[in-house]
Each structure stands twice: as structure tokens, then as C-alpha cells.
Engineer: 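Sharing a structure below in C-alpha cells format, with a few things to ask.
Excluded from the calculations below are hydrogen atoms, water molecules and symmetry mates; all remaining heavy atoms, backbone and side chain alike, are included. Throughout, protein chains are lettered first and strands after them, A, B, ... in sequence-line order, and every chain is numbered starting at 1.
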Amino acid sequence: MLWIRIDAMNTLVLIDGNSLMYRAYYATAYSGNLMKTSTGIFTNALYGFVNMMNKVLDDYNHTHMLVAFDAGKTTFRHEFLESYKDGRKPMPDEMRSQINLIKKYLDLLGVKRLELATYEADDIIGTLSTQAKGDNFDKVHIITGDKDLLQMVDEKTIVHITRKGVTDIESFDEAAVFAKYEVSPQQIVDLKGLMGDPSDNLPGIPGVGEKTAIKLLKQFTTVENLVAHTDELKGKMREKVEANVEQAILCKRMATIHKEVPLPLTFDDLRYEGPHVEELMAFFKEMEFNAFLKKIKMEESKESKPQLPIRIIQSEQELDQLTYQDSAIHVEVFEENYHRGTILGIAVVNQEEAYYAPFELAKKSEAFLSFLSCSTYKKSIFDVKRSRVALMWEGLPLEGVDFDLLLATYILNPTNGSREFKKVVMHYDYDGVSYDEEVYGKGAKRAVAAPEKVARYAIDIATAVFKLKNQILEQLREQGQLELFEEMEMPLADVLATMEFNGMALDLNGLEEMGETLKSRLVALESSIFEQAGMSFNINSPKQLGEVLFEKLSLPVIKKTKTGYSTNADVLEKLCDEHPIIHLIMEYRTLSKLYSTYIEGLKKACYDDGKVHTIFNQALTQTGRLSSVEPNLQNIPIRLEEGRMIRKAFVPSQEGWLILGADYSQIELRILAHISNTESLIEAFKQGDDIHKKTAMDVFKVSEEEMTSDLRRSAKAINFGIIYGMSAFGLSENLNITQKEAKKYIDHYLETYSGIHQYMEDIVKEAKYNGYVSTLFNRRRYIPELTQKNYAIRQFGERTAMNAPIQGTAADIIKKAMIDVSRMMQEKKVQSRLLLQVHDELIFEVPENELELMIELVTKTMEDVVELKVPLKADYSYGPTWYDAK
DNA sequence: ACGGGCTGCAA
DNA sequence: TATTGCAGCCCGT
């Protein structure tokens, strides 16, 4: 059972009703045609107002709320200055008619409102916010379009000023006021006293504008002090000030908000209890606000239970005084890429409490930081690597994480792997958390949300982790996957975190040079291509290229795609002899790929530290492999020399170090030999034979002497095909032979290695029976395709069943190798670092004096990861750059 | 601005 | 109509 302590966390929201009504009206009125109902009632101000209120209700985690209105035409201010607010245009009738609609709306919404005869809305707000601070409120939010209220800002009070429109808001705490106006909130009235305010018909000191006023306040702090020391001013300035002393003091007084208005209500009256749903819906219907109507209906259906208030930590002292214990935590990082992202805050949920600590406070609290770094406090988390790396960039360690919901659910079912928290927990029927998009928005509109909103989201996530943990662990145990989770994925996350954080150094100058060379070659190629084509066009557009080749130049169409002619490399290959333009295009394609993806792409991904910090996705692939993004360092060219040169730009981060690469030799075929128990292949591996040659001899029935490189190449293709669950068609495409020949090859192969044939049949049966296949380390892949009616889909399921255990076991083995190697490196206290994993190889940077040790340590550890019927073999190579480690 | 399609790079 | 990925570019919406 989870108990969340409900602290006396009160948040008061005060709204300047008149100000927002004006904003709402004019924001939609400038176009000329005002929104109205079919019966002719003007509703544009109401509409804007509702929009505004919806945003307020979403954003501020309020417990109490009030909307203040101005009442009569005369206020106490008119006693001092009769001309106050003279010269204002009268309120348009179209707006006036909406005042009562807005008031009715607020009543139905359940929000208190107040207007007083001789006071303005500002004064009501000023009085309430002042009282609230002494009365058990932790936070006061004031929402207005009027900058006067900025004078109320203090450590507990934030003023939100509407900018253009109604929902675009600028928030001011003390620092923000200072940043924008260069004065403290208290000085806002002095500023106004000096500058005046034309909209209230306050003159101030004529000739003094914002700039001068700020300058004077920097020197004299207040109007009174300025008045007392006018002798320190010179020339015209002194004349201007002295001539208007009284006016300045009066204007300041006029602008000063009255904080002791007698009020006919208590805070209890302001408690927000929610809307009168039925009546509000009827009202929206009457106003023809269909979008709002729909919104209520949606909220009604999904929110049957009200949200509990949440606790947001307000000071570092509060954090220092907490007692810490095993908890679920969530580190909220804004931005998909956590290397560049900002930590907004950290939520903590345990048996007794649930709270959210804004990161600015959290990082200053010693008690909280030692909670994070202490491994005796056990933490549950979602995506530990993300949290850990983000904290590493802040120089903060995170230890003691023994449960990662992302990794656990990924193991239970790899299709669950998603960084979208809600999607993951939905698989476990958990519904108590929003989509990331609902919190931050999407696309161009994506932005950091209000702290209350973020806090809610973060606490919801931590709560879900806390609640789901035992259920998920139990399921892992039942399925025999606990060890895979605890001994493989969890420790691997820490290894990966360090790799990502360390990053890999780039030789940017080298990259730049290669780029220049490529660019000039591309320019030359482009003009040759245009010349050959007799026209210029976009070579990068398959559509335009297709038209040039197959219409303008009338070359034979080899293949079509869904949308037109295929112009891929295979097609171009076949057209090579038809026209001299083809080889130019092929070269153009190769070079422009290198230029845009690898030269420009890598440059863009390079950080200020001269390194690329990739992110390994540990919970994505269906087979258990890792993937790599921003940049993808698992597909850097190697096969063609021109592309391979890119690798010269990957260098050690320190002078005199080397890049060391170690890769498993034929790991997938070894695994296949092991699982299928194919004696002759096992023997061949034991003896260290060339396995493709061996396959060629067995399948094509030739002796060692009769072996040709062509036969070996064919055998290699068959071996690859076997791993992927090939078809005759696939092999024929690959080897450019007929399907009939391909079929013959495959039959021969399966006859020769009957164990493999048996394995292929058994694994498909097993998959159909269980619904999933497993790797040697109990990783699962579910294959629902096998139950489908569609033949092609079922075929795909069968290939998946054959391939997943092989690819997956290989992934398991290298993951374990990474953990073992990292532990060995810590034991030996080497400086060398693991940088990358590329599916069957590990890349390190090593100081020269550790080279020998590392070669021995790495290859030995990789080979000893697991004992199979075949030996594992790791090869290595090294050099000054990744290019040389071949 | 987003997303689908095509293309090509890796193991 | 061979497995697993990521990303750039084009182009329609």
C-alpha cells in the first residue's frame, strides 16, 4: 500500500479579471469580426477568458483561487487625483455585454470572484497575496495583463503577465523582474512614479522615461530619497525633477497597491472545489463553445478520481531535513537528448511520501545529493542511463539503482521498449500518467512547462515505478529472466552511461579537409551529369533522376517502386553499360552520402569538447542488440576505401594513445553451430578453419585444391542467408543467380548440415507453440506473425523465429563481455576506456603502455564470456585512429 | 512543420 | 521476396 502524505501545501491563484477580459477581447477583436453565437450574442472575450482559465487550471497546482474585478468608476485613488484614468476610451458595448457572461462562467466553474466599491482589482489581489504569505500558503500566483502588479513579487509570489493573445504568458519571480527592469519588485512603484503611466493618466516627471528612471533609481533607490537629494543632480535634470517633486510622489502613491483592503471573505471561501459540470456544459452549449464542451467530456471520462495535491520542495533546508529511505525516483530531463538536456527536477516516492525537488534546489542540498550518491539507499527508476548521464554532466553521481522499469519491461517484451513512459506502463494496465506531449507540447510548440505541471508528471512517473516494481520483478522471476535483468541489462546500463559520457574524440580539421575534397568532386560530377543529361536537375531526387534516366534518356526500366522508377544501386549497376551518365551518378551518390551523412552529420553532432557523445538505445531492438543515435556510430563506413577514410577522423582523446578494436570472429555462425549441434561445423571451428571455405567444400562437394574464390564467396552468402532465414529468392538476388540455382544451393546446404535443418524446423514449431523464441540467456522475442492468415506475414514470422535466437544470443554474449571487460579494467585500474560497441566488436582508447595488457585482457575476457560447444574467438587490431584499427 | 518513401551505411 | 538498425533528402500535406 502506498501512502502519500498530504502536506498542508496551499497554493493561491489570484487573477485580475478586468485585465484579462480586456486582453481576451482585444486579442480577438482586432480582425473586425467579433465572434458571436448564432443568436447574435458576442462571445469573443468570454472565449478568450475560458481559454485563459483552462490554462490556469492546468498549470498551477492550485488549492485556492479568486478572480478580482474592478467595480465602480470611482475609487479611493480619485480622492487624490481627480483626473485618474481620465481619457480612457469607454468600454465598447460589445465587451460590456460579456462581463456578466464571464461572471456567470466563473460561478459555474466554481471559482470565487470579488469586486469592491472603492477599490480596484489590484488592491484586492495585493491584500490577499500579502495575507496569504502569512497564512500557510507556500506559493501565490498572480495572473494579470498589468505590469503594476509586479510590485507584489517576492520569494513566494510569482506574477504572470499575459503578452500578446491570452495564453502566451511571461512569468516573473524576483530575478526575472530584476533581469527585465533592472529594479527590485518594490521599486516598480518608484519606477512608475518617475515615468508615469499614460494609460492611467499619470504624468510622472515629464521628460523622464524608462531609461532615465532606472538610472535615477540605481542611484537613489526610491522616489523619496531622490526628492531629498535633488542637490546631487545637475543641470536640466535637476530642474525637471525639482519642478515635479509632488507629482512624482503622487504618482508613486497612485501606483502603489493597497495591501490592507477590508475583505468580506476568508481563505476558506477561496478553496477550489471544481466546476459544476452539468451546468457548465449547458452553458458552453448555449454559448456554442463546442471545443470546450468536448474537452469537458473528455476530462469527465478519464478523470473520475480527482488528483491529489502534490508536494513541491520550496527550499534546500526542506531537503536537508527530510529523512531518506529506499525510493522510486524520477529525474526529469527536458530534451530527448540527455547530453544536451536540462535537468528540471527530481521526484521521490516511497512508502511515506511523494515530492518533487526542483533541480536548482536539489543540487544545493547536501543531504539530497548524498541520498542520490549513496548505494545503500536503493532506488527504482525508469531509464537509469538517462538519469545517470544527465547527472554526470552536472558532476553528480547516482548510485544504488537496483531496478530500472524500462529495462525490466524491455526484457519482458522487447516490443514494449519505448522511452515514452505512458506507453510502457499502459502494457501493465497502469493509467495515471500523461503523455510527454501533453506536458511539454510537440514540435515547434514544445517548451519547458510550468514547474507544477512538470512536478506532477515527474511524481506520477516515480509513483508508477514504485507501484509496478514488485509485479514486474515477480514476472521476471516467473519467466526465468531475473538473472538477465539483474546481471546483464542493469550493470550494462552503467557501462553504457560511462561510454556515452566519455564520448569519442573527433579530428575536426581532418573531417573538414575530407569535406572540402568531397565537395569539389561533387561539384565537378554534378556538371558532368548535367552535361550528359542535357539538362540540370536535382540528382538527389529519385523522382527527377528517374525521369531523366528512363524518359529523357530512354534507358530500360529495371525495377519500379510504389511511387515510380527505382533508381537504387542495384538498378544503376545493371544500367552501367547503357549510358556513361550511370557511373557518374553512382559516384555522385556515394560521395554525397559520405558528405551529408558522415562529414556534415558528424560535424553537427560534435560537442564543444571536440567529441561525439552517442546515445545507445538499450531497450529498442527486437533481438537484444543495442542501437546508436545522435550520431549513429554503428554504421560508419568501412567496406569501400573512400568511405573508410571517415574513420581517420575518430581519434584517441589523448596525445599518444591508440585506438584498439576487438571483434568476435563469426560469432553468429558459431552460435548456430552450437545450438544446432552440427558436429562438422563445431569441429571446423575448434580447428580454426576458414568457415566459409569449409562450407563451400561441404556444400559444393569440392576438395581444398578445387576451391575458388567464387565458390567461397557463394558459400559466404549462403552462410549469411542461413542466419537470416533466407529464401531462394533472397539468395538469388544476392548472388545474382537464378532462383532455381539458389534453391539447389540451399537444399544442398540443409542436406549437408542436417542439424541446422532440424534446428530451423524445431525453432519454428517451438515459436508456434510458445508464441515466442528465446536466446541462450533467456531473452525472448514474441512472434505473433506466426498466427496470421497472410502467407507472407507468416513467412516473415518463420524467418524471425530462425534469426532471433542467433542474433539475440550474439547480442547477449557481447553485452556480457562489455560488463566483464569493464570490471576487469576497474580491477586492473587501467586508464584505457571502452568507447563503442558495434554489435560484434568493442572499440577502446588505450595509452601505449597499456596496449599489451589490454589486448590480452580484452580478447581473453571476450572469449571466456560463456562456454559453448565451439570456442569463441576474438581478433584485435590497433592504430593511431579508428581507420588504422583494422 | 511533419511524415512517408527512397536510398544507403553498418553488423 | 534475407535480419537488425539510423539518417539524409525529397516532397506532399
Side-chain angles (χ1 to χ4, degrees), chain A residues 414 417 442-446 537-546 559-572 585-586 588-602 604-605 614-617 620-640 642-644 646-647 661 663-669 672 717-735 739 742-743 746 781 791-793 795-808 810-811 814 836-842:
Chain A
K442 70 166 177 178
K445 284 193 182 135
R446 191 178 161 82
F537 63 100
N538 185 344
I539 307 164
N540 283 318
S541 162
K543 185 166 162 262
Q544 294 183 36
L545 180 62
K559 205 166 71 175
K560 287 204 141 201
T561 68
K562 243 187 276 184
T563 48
Y565 310 108
S566 170
T567 66
N568 70 25
D570 282 354
V571 171
L572 295 182
I585 290 168
M586 291 168 77
Y588 181 91
R589 279 256 176 94
T590 309
L591 299 187
S592 84
K593 169 86 179 179
L594 289 178
Y595 184 75
S596 68
T597 305
Y598 295 105
I599 303 286
E600 288 305 308
L602 283 172
K604 265 185 238 157
T614 188
I615 291 177
F616 288 105
N617 198 329
L620 183 139
T621 68
Q622 300 304 299
T623 53
R625 276 187 173 184
L626 301 175
S627 77
S628 156
V629 292
E630 288 186 80
N632 180 356
L633 295 181
Q634 293 180 320
N635 73 343
I636 305 301
I638 189 164
R639 292 176 189 181
L640 301 175
E642 271 173 323
R644 193 172 200 158
I646 300 286
R647 294 183 173 224
D663 66 296
Y664 279 113
S665 157
Q666 308 292 355
I667 188 164
E668 292 183 340
L669 284 176
L672 180 61
I718 298 172
N719 276 331
F720 270 107
I722 283 295
I723 293 168
Y724 299 145
M726 72 180 153
S727 65
F729 177 89
L731 185 64
S732 68
E733 280 286 288
N734 197 288
L735 283 177
Q739 275 197 57
K743 173 114 186 357
I746 294 169
R781 175 166 182 176
Y791 177 73
I793 295 177
Q795 284 279 295
F796 173 80
E798 289 182 9
R799 288 196 299 275
T800 306
M802 296 185 240
N803 169 262
I806 301 172
Q807 197 182 109
I814 195 161
L836 301 177
Q837 185 252 45
V838 192
H839 307 308
D840 68 353
E841 60 180 319
L842 299 178

Engineer: Excluding sequence neighbours, so at least two apart, what forms side-chain hydrogen bond (donor to acceptor under 3.5 Å, both in side chains) with A:Tyr565?
Structural biologist: A:Glu551
Engineer: Specify the residue among A:Arg625 and A:Val629 whose closest nucleotide of DNA chain C lies further upstream toward the 5′ end.
Structural biologist: A:Arg625
Engineer: Summarise protein proximity over nucleotides 1-9 of chain B in one line of letters, 5' to 3': B for base, S for sugar-phosphate only, - for none, counting protein heavy atoms closer than 4.0 Å.
Structural biologist: -S--SSSBB
Engineer: Is A:Gln795 touching bases, backbone alone, or none of the nucleic acid, heavy atoms closer than 4.0 Å?
Structural biologist: nothing
Engineer: Partners of A:Asn635 by side-chain contact (heavy atoms from CB on, under 4.5 Å), sequence neighbours excluded?
Structural biologist: A:Tyr598, A:Asn632
Engineer: Can I get a per-line list of side-chain donor-acceptor pairs under 3.5 Å for residues 799-808 of chain A, giving both atom names and the distance, sequence neighbours left out?
Structural biologist:
{"unit_1": "A:Thr800", "atom_1": "OG1", "unit_2": "A:Phe796", "atom_2": "O", "d": "2.7"}
{"unit_1": "A:Asn803", "atom_1": "ND2", "unit_2": "A:Ile723", "atom_2": "O", "d": "2.9"}
{"unit_1": "A:Gln807", "atom_1": "OE1", "unit_2": "A:Thr623", "atom_2": "OG1", "d": "2.9"}

Engineer: Is A:Glu600 touching bases, backbone alone, or none of the nucleic acid, heavy atoms closer than 4.0 Å?
Structural biologist: nothing
Engineer: What's A:Arg781 touching, base or sugar-phosphate or nothing? Going by heavy atoms closer than 4.0 Å.
Structural biologist: sugar-phosphate
Engineer: Could you work out, with salt bridge (charged side-chain N to carboxylate O under 4.0 Å, His left out) as the rule, every residue matching A:Arg446, not counting sequence neighbours?
Structural biologist: A:Asp436
Engineer: Strictly below 4.0 Å: does A:Thr623 bring a side-chain N or O up to OP1 or OP2 of C:dT4?
Structural biologist: no
Engineer: Confirm from the modelled atom types if A:Glu733 and C:dT1 form a donor-acceptor pair under 3.5 Å, side chain to base only.
Structural biologist: no
Engineer: Tell me which pairs pass salt bridge (charged side-chain N to carboxylate O under 4.0 Å, His left out) where either residue lies in residues 723-732 of chain A, with sequence neighbours left out.
Structural biologist: none
Engineer: Looking across every strand, which nucleic acid part, if any, lies under 4.0 Å from A:Tyr595 by heavy atom: base, sugar-phosphate, or nothing?
Structural biologist: nothing
